[in-house]
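Input: a single structure, listed below in structure tokens.
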Amino acid sequence: MIDSAQPSAGPWDVVVVGKGNAALCAALAAVDQGARVAMLEAAPIDESGGNSRFAGGVMRFAYNGVKDIQKLCDLTEEEVNDIDWESNTTDEFYDDLYRVTSYRTDPALSEILVTRSLDAMIWLRSQGAHFVPNYRHQSAVVDGKRHFFGRMPMWMVGGGPGLVQDLTNTAGKKGIDIFYETRAVSLIRDGKRIVGVEANTADGIRSFMARCVVLACGGFEANPEWRTRYLGPGWDVAKVRGSRFNVGDGLRMALDIGACPFGNWSGRHAVSWERYAPEFGNLSIPESSYRHSFPLSIMINAEGKRFVDEGIEFYNYTYAKYGAEVLKQPDQFAYQVFDAKVKPRLRPEYGDKNVTRIVADSLEELAEKMEGVNAEGFLKTVREYNAAIKTDVPFDHSVKDGRGTVGIEPPKSNWATVLDTPPFEAYAVTCGITFTFGGLRTVPDTGQVVDVNFHRIPGLYTAGEMLGGVFYFNYPAGTGLVSGTVFGRIAGTAAGAAAVAERDGNCSPQSMEANA
Ligand SMILES: Cc1cc2nc3c(=O)[nH]c(=O)nc-3n(C[C@H](O)[C@H](O)[C@H](O)COP(=O)(O)OP(=O)(O)OC[C@H]3O[C@@H](n4cnc5c(N)ncnc54)[C@H](O)[C@@H]3O)c2cc1C
């Protein structure tokens, strides 16, 4: 199926594989260089858009206060004056990225990501994306003034689906051909360079010839065989939070022609997720399986024991690694346990239908009702936990309040509240994988893929989840979309410029070098 008023038959200057955020940004940037662009999307139109379509739509970028926020959306005078917009300076962004990746993020890639993130957001707005203040999550009125915590004050109108729709609309206006149900299967070479892509279509295998190809078709999170192979035993049974179409095709195609793997191939973003969620994400209820309020809980396993410091950080610095901790527990499940005092602070989806929620008027009753949990073990854990809390420290969920525990393992560092007020509630979770970190090595400032000898592969570029080297072990929330935008734009610009120069016979030394 083709989505274009007058689909062109090719060849194209640039073929972009994928139709998520990174691919759309690459395609739009390539068009702005004067390139004729086609996009190949494995999914049918109603499931298209990849993980970007499932994203909550918060984005992390460097900014220096309200003046930078006003470059992204219109604010009322009250919003300008009465809200503490705080900042996420480049230094703070670096600190977060380096800290959560255990100082393994690639220096060149992370410098580009951080220093170009605000400009990328402004560019995204120019491409039709709409931002509003992120009052929904991690924002609260404290002492009469609204604050943001977690350094993510912007939200995409309509979340990920809104972003994909906005950019798809712009792609349509700019004449980009989008081929749905068109799964790229291999790269075409002419002996020297990449000259196109072979794809599986309803009419069989078809060749899409192009001067440059941008691979932006996601990681391998939806492929249980690759998950087991690269992430390890047990990962086959993780639930997939997003698209079922990201099975590692782009990575395989690139590795097949000698591209260099890069980054944390055993690493992934994985969260606590509704235990009985479907195998893949559900676009009609995208946030229903989120269980991000765990810093206010104790998380216990089948033995009734705690296994992480739930409150060591705001959730957006730990949620992406705690899914793996849940997967390690017996039978790959845990319960998040809350009492009535913190219930009003839980994210709204805890109140949805299709949530595995257990409610009880006493801890003993809750222990009996939590299927598969050692009741005595759980009650002992709660007794010890309650007794260990520094109750003299005031609770404040808008800062790391230091209201932690003393003398128990693991400790809980912040937001510890005595579990004493019925009704008690327990939510069953398992591990939901979001995306994988392993990717390809590139020339950082062009996105051109290099081979295992670190030589540029002529005509081949990549971005988004396929780019290796940015994330290791963990991830600061809101960085996936920004990374896709920054590096998608870079890859599309470089591929577009190189293809147009070649088409027009204007191969400047720079463009020759960029594509050589
Ligand atoms: C539930 C959820 C919530 C999230 N929330 C946020 C958030 O709030 N903020 C944030 O920054 N990040 C968030 N993320 C992460 C973010 O969505 C990803 O990091 C980002 O969308 C990746 O973009 P991408 O373009 O690289 O990949 P994708 O958006 O996954 O796009 C990959 C594309 O490639 C296509 N494709 C795959 N194989 C082929 C093939 N062989 N041929 C053709 N096409 C192919 C897919 O169909 C898809 O269109 C979230 C992710 C999930 C799953």
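Ligands are counted one by one from 1 in listed order, and the atoms in each one are counted from 1 as well. Bear in mind that the values here come from a model prediction, so they are computed numbers and not experimental data. Values below: every heavy atom of this structure, side chains too, minus hydrogens, waters and symmetry copies.
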Strictly under 4.0 Å, does any heavy atom of G49 approach an atom of ligand 1? yes
Could you point out which residue of L187, V450, D451 forms a side chain to side chain contact (heavy atoms under 4.5 Å, CB included) with L460? L187
Would you say the side chains of Y98 and S110 form a donor-acceptor pair under 3.5 Å? yes
Between F437 and Y472, does the ring centre distance come in under 6.0 Å? no
Please confirm whether the ring centroid of W85 lies under 6.0 Å from the ring centroid of F148. yes
Can you sort out which atoms of ligand 1 are near V17, meaning under 4.0 Å from one of its heavy atoms? 42 (N), 43 (C)
Below the 3.5 angstrom mark, is there an N/O of S243, backbone or side chain, next to an N/O of ligand 1? no
Relative to the heavy atoms of G18, which atoms of ligand 1 are at a distance of less than 4.0 Å? 33 (C), 34 (O), 35 (C), 44 (N)
Starting from the C-alpha separation in whole Å, work towards a yes-or-no answer on side-chain hydrogen bond (donor to acceptor under 3.5 Å, both in side chains) for T356 and E274. CA-CA 7 Å; T356 308; E274 160 61 38; 2.5 Å; yes
Could you tell me whether R125 and D74 have a side-chain N and a carboxylate O separated by less than 4.0 Å? yes
Any idea which protein heavy atom is nearest atom 47 (O) of ligand 1, and the distance to it? E41 OE1, 2.5 Å
Answer yes if the side chains of S284 and N282 hold a donor-acceptor pair under 3.5 Å, and no otherwise. yes
Would you mind listing which atoms of ligand 1 come within a distance below 4.0 Å of any non-hydrogen atom of G20? 25 (O), 29 (O), 31 (O), 33 (C), 49 (O)
As an exercise, identify every atom of ligand 1 less than 4.0 angstrom from a heavy atom of R183. 38 (N), 40 (C), 41 (N), 42 (N)
Side-chain donor-acceptor pair under 3.5 Å between Q127 and K174, yes or no? yes
Checking side-chain polar atoms at under 3.5 Å, does N51 have a donor or acceptor matched by the opposite partner on T434? no
Cation-pi, F435 ring and R268 (6.0 angstrom, 45 degrees): no
Strictly below 4.0 Å, N to O, side chains only: are R116 and D119 in salt-bridge contact? no
Give the contacting part of Y475 toward ligand 1: side chain, backbone, both or neither, where contact means a heavy-atom distance below 4.0 Å. side chain
Whether R241 engages the ring of Y290 as a cation-pi pair (distance to the six-membered ring centre under 6.0 angstrom, angle to the ring normal within 45°) should be assessed. yes
Run the contact test for G160 against ligand 1 with a 4.0 Å cut-off on heavy atoms, strictly below, and give the result. no
Does NZ or CZ of R136 lie under 6.0 Å from the centre of the six-membered ring of W155, at an angle within 45° of the ring axis? yes
Going by distance only, is there an N or O of E221 that falls short of 3.5 Å from an N or O of ligand 1? no
Going by the 4.0 angstrom heavy-atom rule, the piece of S483 near ligand 1 is neither
Establish, from distance only, whether the side-chain atoms of K71 and Y63 form a donor-acceptor pair under 3.5 Å. no
What protein heavy atom lies closest to atom 21 (O) of ligand 1? Include the residue and the distance to one decimal. S52 OG, 2.8 Å
Is the positively charged end of R227 above the ring of F220, judged by distance under 6.0 angstrom from the centroid and angle within 45° of the axis? no
Considering non-hydrogen atoms of the protein only, which is the closest contact for atom 48 (C) of ligand 1, and what is the distance? G50 CA, 3.4 Å
Quick check: does W273 get an N/O under 3.5 Å from an N/O on ligand 1? no
With nothing but distance in play, are any N or O atoms of G56 less than 3.5 Å from an N or O of ligand 1? yes
G464, any N or O under 3.5 Å of ligand 1 N or O: no
For atom 8 (O) of ligand 1, which protein heavy atom lies nearest, and how many Å away is it? G57 N, 2.9 Å
Crowded around E279 CD? As in, over 12 foreign heavy atoms under 6.0 Å? no
Which of the numbered atoms in ligand 1 are under 4.0 angstrom from any heavy atom belonging to G218? 32 (C)
Could you list the atoms of ligand 1 found under 4.0 angstrom from a heavy atom of T182? 42 (N), 43 (C)
T479 contact mode with ligand 1 (heavy-atom cut-off under 4.0 Å): backbone
Side chain or backbone of L40 under 4.0 Å from ligand 1, or both, or neither, by non-hydrogen atoms? backbone
So if I count the atoms of ligand 1 from 1 in the order they appear, which ones are less than 4.0 Å from some heavy atom of D249? 40 (C), 41 (N)
Return the closest protein heavy atom for atom 19 (O) of ligand 1 as residue, atom name and distance. G480 CA, 3.4 Å
List the closest protein heavy-atom neighbour of atom 25 (O) of ligand 1: residue, atom name, distance to the nearest 0.1 Å. A22 N, 3.0 Å
Could you go through D249 and R183, starting from their C-alpha distance and side-chain angles, then the distance that decides it, and tell me whether this counts as salt bridge (charged side-chain N to carboxylate O under 4.0 Å, His left out)? CA-CA 9 Å; D249 283 342; R183 182 178 280 282; 2.3 Å; yes
Side chains of E92 and S87: any donor to acceptor distance under 3.5 Å? yes
Ignoring angles and geometry beyond distance, decide whether A43 reaches within less than 3.5 Å of ligand 1 through its nitrogen or oxygen atoms. no
Please confirm whether G484 approaches ligand 1 to less than 4.0 Å, judged on its heavy atoms. no
Y290, portion touching ligand 1 at heavy-atom distance under 4.0 Å: side chain
May I ask you to check whether V58 has an N/O atom sitting below 3.5 Å from an N/O atom of ligand 1? yes
Purely on distance, is any nitrogen or oxygen of K19 under 3.5 Å from one on ligand 1? yes
Note: heavy atom closest to atom 45 (C) of ligand 1, options A55, C217, A216, belongs to C217
How far is atom 28 (P) of ligand 1 from its nearest protein heavy atom, and which residue and atom name does that atom have? N51 N, 3.4 Å
Which residue and heavy atom of the protein sit nearest atom 42 (N) of ligand 1, plus the separation: A184 N, 2.9 Å
